[in-house]
Amino acid sequence: MNRQLEIEKKWQSKWNEAHLFERDRIDGMPKFFGNFPFPYINGKLHLGHGYSMMKLEATIRYQLMKGKNILWPFGFHATGEPIVGMAKRVAEGDSNQIRALELSGIPKEKMEEFKDPYNIVRYFMKTTEDTCRNLGVAVDWRRKFVTTQLTPTFSKFIEWQYRKLHSMGYVVQASHPVIYCPSCKSPTGEHDRLEGDDARIVDFVLLYFYVPDVDAYLVPATLRPETVFGVTNIFLHPDATYVVANVDGKKVIVSESTAVKFKEQEHEVTDIAPIDLKELFGKYAINPMTEEKVIIIPGTFIDPDGATGVVMSVPAHAPVDYATLMELKENPELVEKYGIDHEEIKKIEPISLIEIQGFSEFPAKDVVEEMGIRGQKDPKLKDATKLVYRKEAMHGVTKAITGKYQGKSVEEVKDLLVKDMLEEHKAMILKEPSEIVVCRCGTRNYVKFLENQWFLKFSDPEWKAKVYKMIDKMTFYPPEAKNAFIRTVDWVENRACVRQSGLGTPAPWDPEWIIETLSDSVIYMAYYIVSKYVNEGSFKEEWAIDPIFDYIYLGKGNARKLSKEHGIPEKLLKDIKKDFQYWYGFDLRSSGKDLVNNHLTFMLFHHAAIFPEKYWPKAIHVNGYVNVAKKTADNKIIEEKMSKRKGNFKTLDDLLETFGADITRITLLTAGEGMEDAAIMPDEIPSYSKWLNTLMSMAEETDIDDEMQQIDRWLISKMQDQIQKTIDNYENIRTRSAFQSAYHETLHLIKWYTNRRNGTKGPGFKYAREVIIKMIAPMLPHLAEEIWEMWGRKGFIATSHFPHVEKDKIDLDAEYGEKYLGEVVDDLKNLISFLTSRGNDPPSEIVLYVSPQWKYKIYEEARTNGTKTLLKNIMQDPEIKSKGKAAVSYAQSLMKKGAPPDIPISYETEMKVLEEAIPFIEKQFNAKVAVKPAEGADHPKAKVAVPRRPGIVLN
RNA sequence: GCAGGGGUCGCCAAGCCUGGUCAACGGCGCUGGGUUUAGGUCCCAGUCCUUUAGAGGUUCGUGGGUUCAAAUCCCACCCCCUGCACCA
């Protein structure tokens, strides 16, 4: 561990001293610009960051070894609420917050500083950079910066970005529904909620049920408007207060607490007046679709604050309604105390309107009875409702009672019906949270339309079209990610781009607002170009103005003129512009899949809007989440999301401190690939060090001879395959597979090689180990550099050339021969273990009978022309024909198995390979070995000999 | 609800897009053996069932279908996971 740490520090400082990753434009040299979303620095980097980063890191270093000029810049994200919130909580002395910070290693004395959000930013900028440096990543730190006004030129850049979008008409003002807390007077985000984390906004349909007695409409709210044909009564909560209000010119009755929603959702509301329930209970309302009269009765299951506090009852298809009705029927006092005639209740019968296989005409009744539900407050009702709704939505068909809507699927009817009812003013829409939402302050939330919000007009068809085009031209890793992006573009609507609080850049056209956090992180990759000059002091803040950005990024204007007007040196201006033209568009952005349907897609939109096509992004890599896996007592592996609460939260520093950089790197690189979630198994990590040890001792091996044997040629030939595979894996950012093909598989080859060479090593080994070390260098750079130096090579292995396939090193004869030998050895192993398991002694003598010549003719015929015409073709050969039954039987066995693999083989090759391998086989099985032709031998096993399968006699 | 992704031999997990070479890569666990011998590491073999010679049988969520041939293609069904926006 100590030596390893020493090695890592040594190479990290050597890379630094050589400025190895601080890359500048070299005109004419191919480049590779990779980046990954700058981390939000409200804490230390965790394994999820590390996982995404390592995909990019391996790729960057691979591209460097492929001769590219590379660029990986790094930034820090601080825009938005969380850091401000953290500082506020620290300032308030919030013990949870302070303890959380202390737990993540922040010294107590820092707490005073942490009352200022900018100090938090500074602190975690430092830890983040340190972590990265300890990990040994190929970052050009000269270009680092943090968002927000801590980097004034960056803020100016964002202003430029938004003035551009604004002037293009892509920033618009509109109102928008949000889940809203009337007490805090602000939208409640997921983290601001006591209850209802998963709530979405859904459309409830409000149906106008006219109540003649009071000349107003009851407006039950429902998600299943199609069941209007089965309404038998209306429920109101007997203990709630109801009001009459004039909404959009119509008098409606709703619960008092819900009346406010209409106004908040941009309806006109006047004349709110209370109404006594006595005026309603026992009276009738008229179903707008059927004109039937339905009675108004009490239901205590109703949530008076939900939707309108008015519920229509469909006992045939809604378990709650059915259960309530049954309860009322059995308990007269429940209605009689409100002056309702119980006889009226007894008369109510469910009305069926949906037909569904596997249920009676009243699915709600079926389910209520089956689940043994009793009463309107039975907790099982939730599941019952879900079940019935789901079944009916999926398989239900409407009955004749629905009139012109009959015979259709429930889903179809719903859309049609709502459209019709809205047109006929029989219904209206009210937006509601899909479940109860309670703000942290304890107040029940509802949906409000926020007015005059600034939006990015992602719904714009022309803008979308550009993005589709962009996606089409891009490469995605893994390929299936492309579809995810297309879907996101399909789905994305206008999106708010400003906030009222938090850190960030004020909107240039309306400084009351701050550019929202996902909106100032979409084209910042272009800012890295300028950032270098800002950091070195040559680009002054006063030059961060629109005309200069226009010149750099869009090529507008004239350098001399700009220089004269603003005092910026003409050469500097031209250099920056050339830099941008050289590096942009970037070649790869690597990120987690959680960013696909927001950040990454917005990034595409912004590039499409602002930059000309030649600067569009070239590729995106998307990876899964990182789970922490652990073993249960019975050896099952269970994966858990990393979370601080579960106590399995791991920072990169945790791993680095325990295992060092290379092992941390290989842990992350082999944890997974593609969009599937990756798994880190903390208990397994220590064993990864054996890989490093193996590589090192392989590199240190000096007992190597110069004799080029057949098996050396075989190994060198096989390595060409491994090189190609590894290149493919790197090119497609499959790091786990890359390590597999570069290390595990090659080691397997070397194992066979040393066995075959009776424990000695030769030129094949020497060649293979160099290839291996180079191939793993992008993943384990510290170890690789150390070995490179140990071998006395010049320069860094990081900038040496990645192995390439050398065609002339491919030796198919050697490969086929070894494959054949391997098969024979496998057969021998099987046979011997089978026999010894039956109590026989291991053989002391092995005789191998190589198939007679004529069978090879049949084999070759089958291999080259397939088995369909096999018999016909071979029988034209007189020699084969003369073998009669034996020939037919071999041909038939080939036909049965299908065409043999495309491996040519000859009698001579088999004889040669086996004879040469006699010492090897003897050693393997500790027995005397003889190789004989089957032709002319009379041992019965000689007769079963066929090509690639000699007859085996064990004595 | 809408959208996306899945269900593989104890566990994790390849393969499926481009059907056959798949009883099905690899890792873990387990069993036996070796090294060591206090363990761990490390190495070898085995790990669906049957089988006294390299073989056969039954498997890849369930049920059908296409095909000479399906884990792989088509249809239906069951189950699971993820996202759904003003949050970074």
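Here the structure is a predicted model, which means the values were calculated and not measured. Protein chains get the first letters and strands the later ones, always in sequence-line order, with residue 1 at the start of each.
Between G4(B) and Arg487(A), a contact under 4.0 Å exists linking OP1 or OP2 to a side-chain N or O.
Straight-line distance between the P atoms of C2(B) and G56(B): roughly 50 Å, to the nearest whole Å. Spacing between G54(B) and U59(B) at atom C1', rounded to whole Å, works out to 23 Å. Separating the P atom of C75(B) from that of A23(B) is a span of 27 Å, rounded to the nearest Å. Distance check on atom P: U31(B) versus G39(B) gives 16 Å, rounded to whole Å. A13(B) and G6(B) have their P atoms separated by 13 Å, given to the nearest Å. Rounded to the nearest Å, the gap between the C1' atom of C43(B) and that of U37(B) is 16 Å. Taking the P atoms as reference points, U47(B) lies 11 Å from C25(B), given to the whole Å. Separation of the P atoms belonging to G32(B) and G26(B) is 23 Å when rounded to the nearest angstrom.
Every residue two or more places apart in sequence or in another chain that forms a ring pair (Phe, Tyr, Trp, His ring centres under 6.0 Å) with Phe605(A) is listed here: Phe458(A), Trp463(A). Every side chain to side chain donor-acceptor pair (under 3.5 Å) that Thr505(A) has, sequence neighbours left out, goes to Ser155(A).
If you take CD of Glu516(A) and C1' of A88(B), they are 9 Å apart, rounded to a whole angstrom. A3(B) atom P lies 13 Å from atom CZ of Arg200(A), rounded to whole Å. The nearest whole Å value for the distance from the CG atom in Asn729(A) to the C1' atom in G26(B) is 14 Å.
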> Would Ser737(A) and Glu673(A) count as a side-chain hydrogen bond (donor to acceptor under 3.5 Å, both in side chains) if you check the C-alpha gap in whole Å, the side-chain angles of each, and the deciding distance to 0.1 Å?
Replying inline: CA-CA 8 Å; Ser737(A) 300; Glu673(A) 61 191 20; 2.5 Å; yes

> After noting the C-alpha distance and the side-chain angles of Glu910(A) and Tyr820(A), does the key distance pass the side-chain hydrogen bond (donor to acceptor under 3.5 Å, both in side chains) rule?
Replying inline: CA-CA 8 Å; Glu910(A) 288 200 28; Tyr820(A) 168 65; 2.4 Å; yes

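Both distances falling under 3.5 Å, in either a Watson-Crick or a G-U wobble arrangement, place U82(B) opposite A3(B). Under the Watson-Crick and G-U wobble criteria, each requiring two contacts below 3.5 Å, nucleotide A13(B) is left unpaired. The pairing partner recorded for G19(B) is none, the criterion being a Watson-Crick or G-U wobble arrangement whose two distances lie under 3.5 angstrom. Figure legend. C42(B) is base-paired to G34(B); pairs are counted as Watson-Crick or G-U wobble with both atom distances under 3.5 Å. Pairing for C77(B) goes to G61(B), judged as Watson-Crick or G-U wobble with the two contacts each under 3.5 Å.
In this structure, Pro37(A) reaches neither bases nor backbone, as no heavy-atom distance under 4.0 Å exists between it and the strands shown. Looking at heavy-atom distances under 4.0 Å, Tyr389(A) makes no contact with the nucleic acid at all. In this structure, Ser434(A) reaches neither bases nor backbone, as no heavy-atom distance under 4.0 Å exists between it and the strands shown. Contacts of Asn597(A) with the nucleic acid, taken as non-hydrogen atoms under 4.0 Å apart, involve only primed sugar atoms and P, OP1 or OP2. Glu493(A) comes within 4.0 angstrom of a base, heavy atoms only. Across all strands shown, Leu595(A) has no heavy atoms under 4.0 Å from either base or sugar-phosphate atoms.
Contact of Asn598(A) with A88(B) (side chain to base): a donor-acceptor pair of N or O atoms is detected under 3.5 Å.
Checking each of His49(A), His77(A), Arg589(A) against Pro37(A) for a side-chain contact (heavy atoms from CB on, under 4.5 Å) leaves exactly one that passes, namely Arg589(A).
Remark: Arg495(A) fails to qualify as a cation-pi partner of Phe455(A) under the 6.0 Å distance and 45° angle criteria applied to the six-membered ring.
The side chain of Val492(A) approaches A85(B) more closely than any other nucleotide in the set U82(B), A85(B), G26(B). When each of G54(B), A88(B), G4(B) is scored by its nearest atom to the side-chain atoms of Ile952(A), the top-ranked nucleotide is G54(B).
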